[in-house]
Each structure stands twice: as C-alpha cells, then as structure tokens.
Amino acid sequence: MAGLFSNALEMIKELSTPHALQYLEPIWSGVDEQLQKLQFSLLVIQPLVEDAEARQLKEQAVRCWLVWLKDAVYDAEDILDEAKTHELLIQRKTELSGRPRSKVREFFSLDHNPLLFKLQLGKKLRNVNEKINDLIEKMDKFKLRPIVENNSKPLGNRPQTYSYLHESLLILGRDEDKEKLVQMLISDCFGEKVAVVSIVGMGGLGKTTLAQLVYADERVKNHFEQCIWVCVSDDFDVPRLAQKIICTAGGEIRDSTNMEMLQQDLRKVLLRYLLVLDDVWNEDFQKWDALRNMLLDGGEGSRILVTTRNEKCSRVMGAQKPYILSGLSQESSWDLFEHKAFVEDAEKPPGLVEIGKKIVMKCQGLPLAIQVMGSIMRSKSDESEWQAVLENETWKSQHTENKIMPELWLSYVDLSSHLKRCFTFCAIFPKDHDFKEQELIKFWMAHGLIPSGKGTDMEVEGRETFTELIRRSLLQIDCSVPAWEYERVCKMHDLIHDVAHFVMENECFTSLKGGAAPEIPIWPRHWNLDAGENYNLGDCSNIHTLLYCRRDLSVLSRLKMVRVLDLSHAYIDKLPASIEHLHHLRYLDLSSTYIRKLPESICMLVNLQTLILYGCYKLSEIPKSITYMNSLRHLLFDDNRPEFEALNACLSQLQNLKTLSGYTVEDDAKNNIGQLKSLNPLGALALYNLQKVKNADDARKANLGNKQLIHTLKLSWGKLSWGPDDECCSMENAEEVLEALKPPSLLNKLTVSYYPGKQFPMWMGERQQFQYLHHIILFKCKACEQLLPLEILPGLENLSVSEMHSIKHIVNNTRGNPQQSFPALKKLYLESMRNLEGWCVEDTDANPNLALFPCLALMVIKATPKLTTMPPEIFPRLEELRMYEMDGIKHIVNNRRGDALQSFPALKKLYFESMRNLEGWRVEEDREANLPLFPCLNWMEIQRCPRLTTLPLEILPCLEYLRMYEMHGIKHIANNRRGDALQSFPALKKLYLVSMRNLEGWCVERDREANLPLFPCLKRMRIKGCPKLTTLPLEILPCLEELRMYEMDGIKHIVNNRIGDAPQSFPALKKLLLVKITNLEACCMEEGREANPSLFPCLLSMDIKKCPKLTLVLQNLTSLTDLWVTSIENLVSWPNEMQGLKSLNTLTISSCKILTDASSQGDCGPPFLTHLNFFECDLRKLPMCPKSLQSLVISNCPQIESLWPEMGHLTSLSFLWLSKCPKLVSLSDGMQALTSLQSLYIEDCPALKSFPRGLQRLLPTLGKLIIERCPELEKLCKPGGDYYNLLSTMSYKQVGRAQPLKCITTNRFLLSVILICAIACCINFLFNQHDSQNMKEVWYIPPT
C-alpha cells in the first residue's frame, strides 16, 4: 500500500520538473494548488499505512478504511498519469507533424483542448482530495502509529548465478512417512483392483511434497506401468480431469466434454497405474463416482493417491486407510528453520538460536510456516529484530475469519512497500498458476511496481525482486514445469496465495475454468478472464489489467486507464481502431493472432513498454511510426522473421529498447551493425547477415563486449539461424569480424552459424573470460578445420556441432596443452560431421583410462560416417546414447584394447537408427558372455540396422523396454546355442516388434522353449507386420497383460494347444487388440478349445478389427468389460454367447455390414451392459438390453426402421444418440419411464416425423436436446410447433442449423436514421482523408 503512495508522489515530482512544465504550463495554473494539497495529504498518510496494513488482519474497520483509501489513491494515480500522458501526447504529435501544433487548433480540439482538460483535471483532483481528507479525519480514531520504512535496504546480496533448484532436495523429517506410503501403494493389502490411498492434513504440512517424494521413488516407478499426476485444486470438473488423465497417460487429446467419448478413450489408455490427484476439495460423491467408474479399467493393483485437507473428502473418495499427516518433529522443525535462517557453516549466535527455537515452537511443526519464518529471519542479524518478531501481536491471531496463518501474515508484514505490491499483484492469477519470471516482471513494470531512479534497469530490479520473493519462500521454483531458457518458473503455495488474495480481494477478479463463478468485487482494477467466459465488465474506465480478452473486443473502447492488455489467441486479423486511444497502455500481447498489419496509429500508445508479436505469422511488416515509440522496452517476435528488416533503422531512436528478438545487418547506413552501439539489450540477441559487415572496425561499433545484460547471443552469416546450404557465404574478413564481436563475459549461450572462416577466434576458448558460458552451438561452419580448446571451459554443459565437414577430432591435444577433459559437459550433439575420425588427436598414445567426458549424460550422433568406435572408457557416466546413420561403426565396443572387457556402466537409454554396417556389439563376440555390455540399460530402440542378426540376452540384464523396427536381419529374438543354460530377458516389461519381415520365431532352440519363459516379466507386447511369425507360444509369456497384433498375415491361430496335453492360456492377459490379421481363423488351433475358461481368464478389454476370416467366439469371457468389434464379415447376427458376458459394460459394433438381426437364438444381451454403440451396420432389429443401460448410440444404420417396441424398462438410460438412420420412422413406446434421460441427439433422420407421447411428457425434464436435418421434427420444435412450449425449461437446445443474421428492424423511421448516420460517417471520412493529404511528410495524423 505504501508503494502506491510512492508511485503517486514520484509522479507529482515528475510533473513538477521544468521539462514537464514546458508542455503542461497552459493547464497547470489553477490546478497546482490542488496538486500540492494531494502531495501533502499523501505525505501525511504514508508513514501510517504500514501500521494499518499490519492491523487489517484482526481489525475489520481498519481493513475497510484501507480499501477506501486504496481506491482513492488509485484514482489519484490515474489522474496524475493522465497529466503525464497528456504531456507525452503533445510531444508525440509535435514529433509527428514536425512543428508545434497551433494553439488555436488545439483550443478547438475536443480531445486535447487545454482549457477543457484543465477543467476536467481540476475537478478530478478536487474530488480525490475531498475523498482523502475525509479518510484522514476517519483515520484519527484508529490511533495508527507512524512506521518509517527503509526502502533502500538491499533485496539480498546474491550473485547472478545463484540457483534455488536444489532447495527441493532438502526435505527433512518425512522419511518414515514416505516409507509407509510406498509400502501401502506397492503391497496387496487392499483386496481391490483399484484402491484409493489418501494423505490428509492441514494446509502447509507438505502433503504435495510428500506425494512428490513417493511418486519419484524407484520402487513405485518399477511397480506401476503408468504414473500420472493431476493437480485438481477446488475445481473437480470430471470431463476436464478425464482429459488431463488421458493426456498424461499418452492418449489422444480431445477438446470434448462428451463423457461417452472420454470414458472410451480413458479405458483404452489405462494400464496398471498410479494416479496422484493433488489438492482435492470435492465432497460430492456423485462427481467422484463419475470419475471413479472411468478409472476402474486399470490393471490389477492400480492405486489412486489423493492429497486433501478434508477428511470427509477422503471418505467420499473411498480411501480405506487415510494417512493422517502430522507436523514435523521438534528436531526436524529446528533443522529446517536452521537451514533457512542461518548461513551454512557460519557461527550461530546463542541468543538468536534461543529466540529461533521459540519461533519454531510457535510454528507448530508446519513446514511451510517454518520455511517462511526462516527466510524472514535470514535477513535480520540483530537480536532485537528477532525478539520483535517473537513478540509480534500477530502470533495471538491464531484463528481469523479469513483463515490467514499468522506466520504467513508476518512474512507479508515484513516486506518492503514495493515488495508488498509485487507480491500481492500475484493474486490476480489463479491458484497453481505458473509464474514465468520475465512475464511477471513486465507486468510489474507496466503498473509501476518496480522502483526506478536507482541507476539500474527496471528489468534488473525486477529480477532481484523475483529472486527475493523466492528467497523468502513466497515463490517456489517449480521443477516439474520445463523452464523457458534462462527463465525461472515458480509456483505459489495455496496458503501464501490466500495472503496475497486477502490484501487484493477488492481489486482483482479471476475467472475459474469449469468452476463456480466467483463474486465480482465492487471496484475491480485487475481482470483475469482465463476461463474464456463472457462477463459484464460494467464501468471499465478504472480497469488497469485485462488478461485473456478473446471474445468481446468491443470493450476496448471503454478501457480508458488500462495498463496491461492481453489479446493473445484472439480471433482477429486487424487491431480494433479503438486501440490507438489506450494512451495509458504499457503492455500489449498480440501473440498467436491473425493480424496482417499494425496500424501506423500504434505510435500514439505513448506509454507502451512491451509489445509481443510471437506467432503472428501473417504479420508482414512493422509500421514505420514505431520509430517514435521511445517508451518501448521490449519488442518480442519470432527471431526468424526477415520481413521485419525495416525495424533496423529505428534502433538508434528507440533509446530504451531492452529486448530485440533479431537484427539483420544491411549495407546502408541506416541498417548497418553500428546501429547497435546505443542499444543495451537484455537477455537474447540474434545478429543475421554478418557477411554485410565490412571489417573489424565496423564490427567493433556494435560494442558487444560492453553489453553485459546479454545472456544469449546468435551470430549468423546468413539471413536465418538455420537454412539451406546455399545460405552459406564466403568472406575473407570473417575471422577478424568474429574476433571483433567478442561478447560480454557473463554470456550463457553462444550460437555461431554459417561462419565462413577457417579458424575460430581465441576468445572462444578463454577459460577465465567465459566461465559462465554453459551452451555452445556451432552450425554449418564448413571451412573451420579444428575446434578451439572448448574442453577447458569450466561451465560448458551443452555442446552442439553440426555440418562442420573439416573437423577431424573433437579434442586436439597437439596444441601443447596437457590432456584435459570437458569437466562439466552433460549433453553433446554431433550431426553431419563428414570427416570426423576420432575423439582426440592423440588416440594412439592416449591413456585408455582417461575419461574425456567425465560428466557426459546424453550424446546424440548423426551422419558421421568416418567415426568407427565408441570407447566406453571416455564416457563413464553416459546415461543416454542416440546414434543415426553411422555407417562407419561395425561394432559398438572394440575389446582388443586390453584384457579387461569394456562396458557402458551407467547407460540407461540406447537408440540406434539406420546403422547400415552395424554387425555386432563387440569385436570379440565369443567373450561377450563374461560381462554385460550394458549392465544398467533399461530402454532400447533399434531401427533399420540390416546386418545386425542377434540380440545377446546376457548383455542386457536390466532391459525393461525394447522396440525393433525393420530389423530384417533378425530371425529369432533369442539364441540359446551360446551355452547350456537357457537365456531370457529377466526384466523386460514392454516389447514392440514392427516390420520384421524375416522374423520366424522366438528362440533358436525351439524344442527347449517350453522349459523356461523367455519373457518372465513381460506385460505389454505389440507386434506389427511380421509375416513369417506363425505362432505365439504362451509358455514364454506368463505375465503378459496387454497384447496388440497388427497385419500379421502368418498367424492363423493365436494359440497352438498341440504342444502338450495340458491346455495353454494367457493367465494374466487383460487387453487384447487384433487389427488386420487377414488369415486369422480362430483364437485357438484346437477347435472347441476356445470354450475353455482358462484361455483368457482375466481378459477385460477386447478389440477386433478387420479380421475377415475370424469366427467370433465369446464363451466364458466372464471378466470382459469392454468389447469392440469392427469389420467382421462372419458376424451375421447377435452372438449367442452374449448373455454369458456378465461383466460386460461397453459394447461397440462397427462396419459389420451383414449384421442384420439381433440373435439366432433369442434377443438376450449382456445382463449388465451400460454402453451400447452401433456404427455402419445394416441392423434391422436391436437386441434386448438390460435395465443397466446408460448410453445408446446408433449411427449410420440405414436399414433400421424402429427401436424396441417398448423401452420403458431402461430406467438408467441417460444418453441417446440417433444419427444417419434414413428409414427410422418411429421411436419406442413407454419412453415416459426413462426418468434418467438427460441428453437426446437426433441427426439426419428425415423419416422421423414425431415423438411418441411418452417422450413428449419427458421433454421438459431433458437437459440437452439437439435436432438437425429432421425437417418434420424441427417444425414441431420451433416457435408455433406442438413441442415448442415443452422445450422452454431446457438448459440447452439446438433445433436446426444456426440461421443467418436478419435485419434488426423494419421500422422505416429507424432505417432512415441509420442511413443518414452512415452518410454522415462517409462524409466525415472523406473530409479527414482530404485533410491528411495536405501534410505529405506525415505517416499518421491523430484525429482531432
């Protein structure tokens, strides 16, 4: 709040400067007295506000007074900003016209008449002064104490490279809780297929953190096939949650709320899963039951872990064993506080320790409170300051109406005034929002929340503010969200968000997706419409922030005082004309819109600081008038937009520009590299067309070395950073130009592309100069013959080298340097290195034990044909290896280097593609059995390696995932002739075989296959396009849970029971998918054995598509819950065994053209069916369905003429969809008994002319009705029709297609008025056009 006063006082000071008076003198006389009164009032109140803010938590009267005061000061700030903006507008118009405007013309101008403006300004100032004086009188009864704040205290002496990423690793006192929960999840103590485990505890106890610990535990990851995390919060919207689960589980993303489609998609993707539902508040059992029913098809042993503050919520969700989380022990509490409050390894004064332990006791074991309090105390070194916190009156407010924890309130009170405003501004975003650092800083700047005048850039001050909020634990680094490059992404804990919202409650409105609409405050200044709903914004004149405005853009003309406007993703192809009148606008986001051109009038946004144009791919140019926008600090667009080259000439005039996505160098004086001299960009800078730089002297004019705020630099000798080969250029002076473009020492990332020189400059290998350089990309520098000693750079973590055909070795130790390595390198990318022969020049004499890449975790190599070896000893910590088109490699490892066998000890993930000459794994194949080559490998994918003929099992003891594609050299998966003992894949869980045209069997020694399972732990197998594979021996797959087979022409029977007397089965199989197996005749070779209940004893889901010869046998599938049948030519009638499918819930039959009747032996269907779907069938008669049926879909069934004669028994039916049934003439009788029916869709059924009487009675109770392309029915449902009144109470109805707009009136008088107004507008437009032609030198003249 005090920060708001500071803003207003700072603006009064600015408006009183001689420069401002030069423009404002005509309006200032007469209002300067009011201005002085305002300044005096603010100075009187300012020192008292801190006390009022601290007391508002307990005293409602003080809180109400603060709300009124804040509104009055907002009004004062708006008035002062109007005066300041008026000054800028006068300057801008003078600049545009090239001469001062005529005073006579200004006098008769309606928008900037000085007399009119003075009268308005004086009246507004008087009103505000009266408001504030009235509040000063009321203030006396509160007896507020003056508190003088030292706003100049440093935010924290932190180096720029400080990182908080490791804070999440320090989790104290939860080891026992974690162990108990892990055991509950992986044990079989529940007796349920899908069980719910809940963590219950008050906010701030660390429930989410504990769930994250459990989620990341290796035992949990190995036990469950899927781990899914969904943040729920207070919006338990079932369709939205189902979409999130499907998306996270790897399913197809649909933008649909259709529960029928969602439940089908969800059942397809679920395996044995762990689903974490974090922060659940729902107490509605029906909502939970709707979601729970869709989750029951997961694998046996699936678990749902719920975190909630409410034990009732835990009971509603059926948690058998809620885990009640308690606070931390006294010892763990002190350890956490000590870590936060004291510098590590520093001496701890006994007095502070004693007070600190008393503070910890007041936190009652609450981790969040301890963490926040520790962060507060870290900035206080005096014992009296610690004692003052301990004795603060706020501790006595243990229970407030607003449920604000006193510990967290103290953390707010302790903030400086500008930190308070920056922190509380975060309340305009919903809970669980991702706060992106740069975006939030730009918002703060737009609202004047960052103090200026300290000699540093606002962006730097903003970064320090963001860092300080993290340091105080008010923001927390979110490691689960991929951070933007060099930008931190944070979360705010719900309880801390409550503190911010408590302060901003009357100033902001945030819509919630899918949730109940929150109450709109009386004076909202900030609107967040992220939910996409249309809200009545009322009087918009006081709105300062409008986020996600995508629908009703007519509101823009009423946003007189808006500072932040977000139109991103709006469906607009041009900016509304009213945008030029938003003179107070500081932040405008137009990203991902369809605008084709920015108007020249955009220059009238005299305060604009940030303009965002990301994803505006139809925008062809930047307006020339942008030259005048000297307030612009951030111009953001995709950095590969050469059509924005005209922008270059503006740079010298945009003195405040801090962010520029790209700059293209040209020959002329207005676009040469010297234009960058006065620019001090912040963050990233990309320079293109560097071949146009004439010499080193010109390059030095850019002054790159002194631009210390750059962290990312791209240098390209072409128009784009990536492009075709003809982009490369030749230039004799390239080397001296690059030498002169030496970047600043704090650079983090460097990209050099299309560089035509033969050598890189020496500064690229300067160890001390570039110790913060983490990432280097070298692309198409084809003439360079060797790399500089990049291996000595201490901070280099990521190196990418592509299409540098003259490079022969990565490291060149012939330089005379001692052998060195890349001490910090974690990722290495090499692509299209045509002549790369080895890793180090001194390969022959090098120490074979030397680890050239001691920390390398990921390596990707592509199209490097002369590289022939991969010595494991130089990659001791390599975890992921990807190799593509490496024709020079015949064996992965060469064991002839020494006696000891080589291996990759840490490798976990391996990917090979198009390795045409790869023959084996080691040179000495006969010694492979002695030692695993990949002892830790758990993921492997091999594609198109035609000479590889074997996959030795002994080198892959931990392999869990294997995918092979077009491996035509492999005939058998395993070769057991290596020794007496049969080999297997002991840990393999997922196997994918695709297009293996020569694969004949599973093991070379077929007669021994029955002795030992080849895949003892395999749970998921997919096979596609392996025509020579004829059998699937069950004995090698004892644990298989999911089998998917596609285009397997050699398979006639899934199972061959002639192997032995004992019948074979899939004991654990739960999901079966068969697609395009053209020769498949039956599931089992021994006819009549399909009836054996042991064939698929646990099968839950079966999907059969395009198997024309298959005879469908469904006997004894007692566990089957979902059945999909598509394009089965032998399916003529309803299968007789349907009545025996006692667990079947969903049945879908599609494209079975000859299916015409219900059953040859009766009409009985599955007894507990809930969802029945027919698509593209010539069905004439429907089967009888049980009372349990909830959803019925009939689409594109041209022969059906009617539904059942009577369907009144279907009392559970809630969804009925009839589509493209041209012969359907009637529905069923007894439909009045369908009391659960909520949704009715009828489309393309022209023969249906009326509803039966029973359905007519039911129409008023329906929730949703859609009728399209049914002419007779549409007439009855439209105004004047027999059914129209029956539809009046329906929440959603659509009858026919949307009609085109018609004339709004037929009244002749009104039409005449409209015509006259239109003519007047045309005349006014022509007059303005004529007036503008008289000033040829001006691009744009603002309307007067």
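Side-chain contact check for Met870 versus Phe875: some heavy-atom pair is nearer than 4.5 Å. Residues Met996 and Ile970 form a side-chain contact, since some pair of their non-hydrogen atoms from C-beta on lies under 4.5 Å apart. With a 4.5 Å cut-off on side-chain heavy atoms, Arg947 and Arg916 do not count as touching. Counting heavy atoms from C-beta on, the side chains of Thr868 and Glu837 never come closer than 4.5 Å. Counting heavy atoms from C-beta outward, Ile245 and Leu275 have side chains that approach closer than 4.5 Å. Two residues are said to be in side-chain contact when any heavy atoms from C-beta on lie closer than 4.5 Å; Glu803 and Phe779 meet this criterion. The shortest distance between side-chain heavy atoms of Phe760 and Leu787 falls below 4.5 Å. At a threshold of 4.5 Å between non-hydrogen side-chain atoms, the residues Lys780 and Met804 do not count as touching.
Separation of atoms NZ (Lys1024) and CE (Met1048) is listed at 12.0 Å; rounding is to 0.5 Å. How far CD1 of Ile776 is from CG of Leu793: 5.5 Å, rounded to the nearest 0.5 Å. Of the inter-residue distances, the one linking Ile810 atom CD1 with Met833 atom CE reads 5.0 Å to the nearest 0.5 angstrom. Annotation: the span from Leu685 atom CG to His711 atom NE2 amounts to 11.0 Å, rounded to 0.5 Å. Note that SG of Cys781 is 9.0 Å distant from CD1 of Ile807, once rounded to the nearest 0.5 Å. Atom CG of residue Leu713 and atom NZ of residue Lys749 lie 11.0 Å apart, to the nearest 0.5 angstrom.
The main-chain N or O of Cys231 is found under 3.5 Å from a side-chain atom of Lys244 such that the two form a donor-acceptor pair. Remark: the backbone N or O of Leu274 is not paired with any side-chain donor or acceptor of His223 at under 3.5 angstrom. At distances below 3.5 Å, at least one donor-acceptor pair connects side-chain atoms of Asn748 with backbone N or O atoms of Tyr772. With Glu437 contributing its side chain and Arg488 its backbone, the two residues share a donor-acceptor pair below 3.5 Å. Of the possible donor and acceptor atoms, none in the side chain of Trp717 sits under 3.5 Å from a partner among the backbone N and O of Gly757. Using modelled atom types, one side-chain atom of His774 and one backbone atom of Gly795 make a donor-acceptor pair closer than 3.5 Å.
For Trp939 and Tyr961, the distance between ring centers is under 6.0 angstrom. A centroid separation of 6.0 Å or more is found between the aromatic rings of Tyr965 and Tyr992. Centroid-to-centroid, the aromatic rings of Phe1015 and Phe985 come within less than 6.0 Å.
Scanning both residues, Val811 and Leu852, for their nearest heavy atoms gives CG2-CD1, 3.9 Å. Counting all heavy atoms, side chain and backbone alike, Leu790 lies closest to Met764 at CD2-O, 3.7 Å. Listed here is the closest heavy atom pair of Cys936 and Cys958: C-CB, 4.4 Å. Here the closest heavy-atom approach between residue Leu867 and residue Ile889 is recorded as O-CG1, 3.3 Å. Contact record, Lys990 with Leu1018: N-CD1, 3.6 Å, taken as the closest heavy-atom pair. Closest of all the heavy-atom pairs between Ala824 and Pro794 is CB-O, 3.4 Å.
A donor atom on one side chain and an acceptor atom on the other are found under 3.5 Å apart for Asn835 and Lys866. Side-chain atoms of Glu831 and Tyr884 include no donor-acceptor pair closer than 3.5 Å. A donor and an acceptor atom, one from each side chain of Ser716 and Ser753, are located under 3.5 Å apart.
Surrounding NZ of Lys1076 are at most 12 heavy atoms belonging to other residues, nucleotides or ligands under 6.0 Å away. Around CZ of Arg219, the count of heavy atoms belonging to other residues, nucleotides or ligands within 6.0 Å exceeds 12. The environment of NZ in Lys909 is crowded: more than 12 heavy-atom neighbours from other residues, nucleotides or ligands sit within 6.0 Å. Enclosure of atom CZ in Arg1044 by more than 12 non-hydrogen atoms of other residues, nucleotides or ligands within 6.0 angstrom is indicated.
Checking Thr949, Leu999, Ile942 one by one against Met967, the side chain to side chain contact (heavy atoms under 4.5 Å, CB included) holds for a single residue, Ile942.
Between Tyr215 and Trp229, the ring-plane angle classifies as perpendicular under the 30° and 60° cut-offs.
A salt bridge does not link Lys1071 with Glu1042: every distance from a Lys NZ or Arg NE/NH1/NH2 to an Asp or Glu carboxylate oxygen is 4.0 Å or more.
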### Task
Take Arg944 and Glu913 through the salt bridge (Lys or Arg N to Asp or Glu O under 4.0 Å) test and state the conclusion after the steps.
CA-CA 6 Å; Arg944 302 187 187 95; Glu913 181 177 342; 3.4 Å; yes
